[in-house]
Each structure stands twice: as C-alpha cells, then as structure tokens.
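Whatever order the structure lists ligands and atoms in, that order sets their numbers, starting from 1. Throughout, residue positions are numbered sequentially from 1 according to the sequence presented. Predicted model, so just to flag it, every value in this text is computed and none were measured.
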Amino acid sequence: MSITIPQITLNDGQPFAEVGLGTYNLKGEAGIAAIGSALDSGYRLLDTAVNYGNEREVGEAVRRSSIDRDEIIVTSKIPGRHHGYDEAIASTRESLETLGLDRIDLHLIHWPNPSVGKYLDTYRALLALREEGLVRSVGVSNFTEAMLTETIEATGVAPAVNQVELHPYFPQGALRAFHAEHGIRTESWSPLARRGELFAEPVIGELAEAYGVTPTQLVVRWHVQLGSTPIPKSADPDRQRENADVFGFEISDADVERLSALERGRLWDADPNVHEEM
Ligand SMILES: NC(=O)C1=CN([C@@H]2O[C@H](COP(=O)(O)OP(=O)(O)OC[C@H]3O[C@@H](n4cnc5c(N)ncnc54)[C@H](OP(=O)(O)O)[C@@H]3O)[C@@H](O)[C@H]2O)C=CC1
Ligand SMILES: O=C(O)C(=O)[C@@H](O)[C@H](O)C(=O)CO
C-alpha cells in the first residue's frame, strides 16, 4: 500500500509535499527503477538538477509511472554556468527537453554565486518562464536572508521555496523565521546529514526508541514539525518507504528542541556567501 504524504500550499497557490525524494546520484536504469519505486511508495515530489546529470532518468520514471503527471511535482535547478536572463531561459528549455516533460513544477536557482552577480537576472527569467507556463513555481536554493531581501525588493515576488542545507546539526533557526515572515517554504537538503555521524548521537537513538520509530524516521519527522520539506535520498525501496512513513506519530515540542540543540554547523564548507558551483 502506498503512503499518503500530506501536501501544503505554496505562496503562489501551488501544492507542495511535506516530504520529497532527493535524486542526487540516482542514475541509469537503476536510478529510474529507484525513482519509480519511490513514486509507487507515495512520493510525489522529486528533486533533480542539471548538475545531477539525471534529468533524463527523472523524466523517464515519471513517464513510466502509473501516477498521473499532474500529481507529481518535478523540481529542477539552474546551474551557475547558466546564470543570466537569456542563459537561464535556454537552460530551462534544455532541461525540459532532457526531462521530456512540458513543464517543470518548481524550478530553482541552484547556487546564488554572488561573485558572478547574475542571480537577479536569472530570477527574472524564471518569472518570465512562469508567465509562459513552462515553469509552475519559481524558487531558489542556498539563498541567504540578504539575498532573499534583495530579490524580493528588486522583483516584488518572494520565491515559493528556498532549498537550503538543514538537519539537526544545522537547524537554520534564523533563516526559517525569515522564510515564515515572507511566506517562503523551507526545503531541507541533506536532511539526514548524509546519514553520517549524526546517527551516533545518543539522543537520536534514545528518542527513536521512546517514540517506537527508526532513527531516520525521527529525523525526517523533526523536519516536518519545523515546517520544512525534507528530501532524503535513498536508492533502496524499503528505506524510501521508511523515510516517508512519518505521519503516524508526533514529537513533543521539548523533544524537537532537544534535536535542534544538536546544532554545531554545516556538514562541509557550503556557505553560499563564498561557496559557488558552476
Ligand atoms: N540544493 C543543493 O545545493 C543541494 C541539494 N541536495 C538535494 O538533497 C537531496 C538529499 O541530500 P543528500 O546529500 O543526498 O543526503 P541525505 O541526507 O538525504 O542522505 C542520503 C544518504 O542516506 C542514506 N539513507 C537514506 N535513507 C536511509 C535510511 N532509512 N537508513 C539508512 N540510510 C539511509 C542514503 O543511502 P541509500 O541510498 O543507500 O539508502 C544516502 O547515503 C539530494 O539527493 C539532492 O536532491 C543535496 C545537496 C545540495
Ligand atoms: O547536490 C547538490 O545539489 C549540490 O549542490 C552538490 O553539488 C553538493 O554541493 C555536493 O555534493 C558537493 O560535493
């Protein structure tokens, strides 16, 4: 039986899932099968990017699935080397071609690359693509509060989503509060902190046992209760189901705080003021 993953409404009136699937490294036939098994399990939000080199696989999994296309939310991202108005339009048309779809449901600017100075032009291109119906919702990724403020002031349009690094080691309290104030949905990348040493923290095991869930479910549920959409990546059908099956329990506010108290910083040096990706 498939899991029902609840949805929320973005600031532009479009639907968005409370948990999605990260697809980084899901490639080839095995990647298509993994994305297909996630759709079968109940996932409706898929996260890809030009730079993952798997838009073809994501589009193919959507086409092979028996799920209605309109129920699936496909996210892609414009890479740094395609910043600029005309470049972003061309990049998006190429993504649509590679995906084999006629619409990207949520299109993001992957990294702001502030030294290049073109994220506002790139964002204006996203707004034009939305007018044209090629993109349904416009968003950003790895934007700081200052970059979001500049974007909103320059265009009058708050992004629907800001996808940022977020996990118990880096809960992003200040940025989440800013998002809430401006109606921007937070989306968590590397929501399991890439399933590294976070899972050796005693509090994770202790609380998972107390709630009768797995440590991974505890962490996914923590994101949901913070009001952020996590996109855990898993190639394994059983782990995909485990990660999505988090809507039958609730963590107390005090225990949410205990998990947030694990805060210590980013996983690696991905400060968007200085880290740039092309
Ligand atoms: N916008 C941006 O700049 C960025 C976006 N992203 C997006 O975020 C997504 C998720 O982040 P990612 O960095 O992949 O890391 P995650 O935090 O999602 O961790 C993924 C790892 O956890 C393992 N895993 C998943 N579920 C379980 C489970 N239940 N039990 C045990 N192990 C598990 C996976 O292995 P296995 O597959 O074997 O299950 C994989 O090794 C990416 O795929 C991508 O879509 C990521 C980084 C940056
Ligand atoms: O996964 C992503 O979206 C990224 O931006 C990656 O490139 C990420 O930055 C990474 O894994 C770098 O090692």
Side-chain angles (χ1 to χ4, degrees), residues 3 17 19-28 30-31 33-35 37-38 41 43 45-55 57-58 61 73-83 95 106-113 119 139-144 147 159 161-172 175 185-200 204-205 208 213-223 228-246 262 266-278:
I3 297 160
V19 174
L21 180 78
T23 72
Y24 187 56
N25 277 336
L26 296 181
K27 287 188 165 185
I35 297 161
S37 72
S41 292
Y43 286 82
L45 170 64
L46 305 174
D47 184 76
T48 182
V50 169
N51 277 350
Y52 300 171
N54 68 354
E55 288 177 306
E57 284 87 337
V58 169
I73 302 159
V74 175
T75 303
S76 194
K77 312 190 191 83
I78 298 175
R81 65 186 176 285
H82 296 164
H83 277 205
S95 282
L106 172 66
H107 209 23
L108 310 178
I109 300 174
H110 201 151
W111 286 90
N113 291 4
Y119 58 74
V140 296
S141 178
N142 299 303
F143 271 42
T144 63
M147 293 165 188
V161 168
N162 187 18
Q163 183 185 113
V164 294
E165 177 176 357
L166 204 163
H167 41 71
Y169 281 151
F170 196 55
Q172 295 266 29
L175 188 60
R185 178 69 178 181
T186 311
E187 189 176 22
S188 312
W189 65 251
S190 293
L192 308 178
R194 296 199 163 150
R195 210 138 188 330
E197 53 192 272
L198 174 66
F199 286 82
I204 302 267
V213 296
T214 68
T216 315
Q217 286 173 324
L218 180 82
V219 171
V220 174
R221 179 73 205 180
W222 171 84
H223 289 271
S228 183
T229 290
I231 44 169
K233 174 262 170 185
S234 181
D236 179 81
D238 291 335
R239 291 197 284 278
Q240 291 170 349
R241 285 188 70 83
E242 174 189 342
N243 299 350
D245 190 9
V246 298
L262 290 169
R266 301 179 192 279
L267 282 185
W268 51 281
D269 198 14
D271 175 354
N273 283 306
V274 286
H275 176 79
E276 305 200 336
E277 292 196 8
M278 294 310 282

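- Aromatic rings of Trp268 and His275 (six-membered ring for Trp) have centroids within the 6.0 Å cut-off, being under it.
- No donor-acceptor distance shorter than 3.5 angstrom exists from the side chain of Ser190 to the backbone of Glu165, with no hydrogens or angles considered.
- Residue-ligand proximity: Trp189 is placed with every non-hydrogen atom at 4.0 Å or more from ligand 2.
- Protein heavy atom at the shortest distance from atom 12 (P) of ligand 1 is Ser190 OG, 3.7 Å.
- Under the 3.5 Å distance criterion, the side-chain polar atoms of Lys233 are left unmatched by any main-chain donor or acceptor of Leu21.
- Atom 2 (C) of ligand 2 has as its closest protein heavy atom Tyr52 OH, 3.2 Å.
- Residue contacts with ligand 2: Lys77 is placed with no nitrogen or oxygen under 3.5 Å of a nitrogen or oxygen of the ligand (distance criterion only).
- At least one N or O atom of Tyr24, backbone or side chain, sits closer than 3.5 Å to an N or O atom of ligand 1.
- Taking 4.0 Å as the cut-off, Phe199 does not count as a neighbour of ligand 1 on heavy-atom distance.
- At a 3.5 angstrom cut-off on N or O pairs, Ala235 counts as close to ligand 1.
- The shortest contact between atom 9 (C) of ligand 1 and any protein heavy atom is with Ile231 O, 3.3 Å.
- The shortest contact between atom 3 (O) of ligand 1 and any protein heavy atom is with Asn142 ND2, 3.0 Å.
- Interatomic distance, CD of Gln163 versus OG1 of Thr186, reported as 11.0 Å (0.5 Å rounding).
- At least one protein heavy atom sits closer than 4.0 Å to atom 22 (O) of ligand 1.
- Scanning the protein heavy atoms around atom 4 (C) of ligand 2, the nearest turns out to be His110 NE2, 3.7 Å.
- Within ligand 2, counting atoms from 1 as listed, the ones closer than 4.0 Å to a heavy atom of Arg194 are 10 (C), 11 (O).
- The heavy atom nearest to atom 15 (O) of ligand 1, considering only Arg195, Glu165, Arg194, is found in Arg194.
- For atom 7 (O) of ligand 2, the closest heavy atom belonging to the protein is Glu277 OE1, 3.0 Å.
- With Arg221 contributing its side chain and Val246 its backbone, the two residues share a donor-acceptor pair below 3.5 Å.
- Of the options Arg239, Lys233, Gln217, the smallest heavy-atom separation from atom 38 (O) of ligand 1 is shown by Arg239.
- No hydrogens or angles considered: nothing links the side chains of Asp47 and Thr23 as a donor-acceptor pair under 3.5 Å.
- No donor-acceptor contact under 3.5 angstrom links the side chains of Ser141 and His110, judged on distance only.
- Side-chain atoms of Asn113 and Arg81 include no donor-acceptor pair closer than 3.5 Å.
- No side-chain N or O of Lys27 forms a donor-acceptor pair with one of Tyr52 less than 3.5 Å apart.
- A distance-only check finds a donor-acceptor pair linking the side chain of Thr214 to the backbone of Gln217 [under 3.5 Å].
- Of the protein's non-hydrogen atoms, Trp189 CG, 3.3 Å is the one closest to atom 4 (C) of ligand 1.
- For Trp111, a nitrogen or oxygen atom sits less than 3.5 Å from a nitrogen or oxygen atom of ligand 2, counting backbone and side chain alike.
- From the protein, the heavy atom lying nearest to atom 26 (N) of ligand 1 is Asn243 ND2, 2.9 Å.
- Thr216 and Arg239 are not linked by any side-chain donor-acceptor pair at a separation below 3.5 angstrom, with hydrogens and angles left out of the test.
- With hydrogens and angles disregarded, no donor-acceptor distance shorter than 3.5 Å links the side chain of Gln172 to the backbone of Val164.
- Annotation for ligand 2: atoms under 4.0 Å from non-hydrogen atoms of Trp268 are 8 (C), 9 (O), 10 (C), 12 (C).
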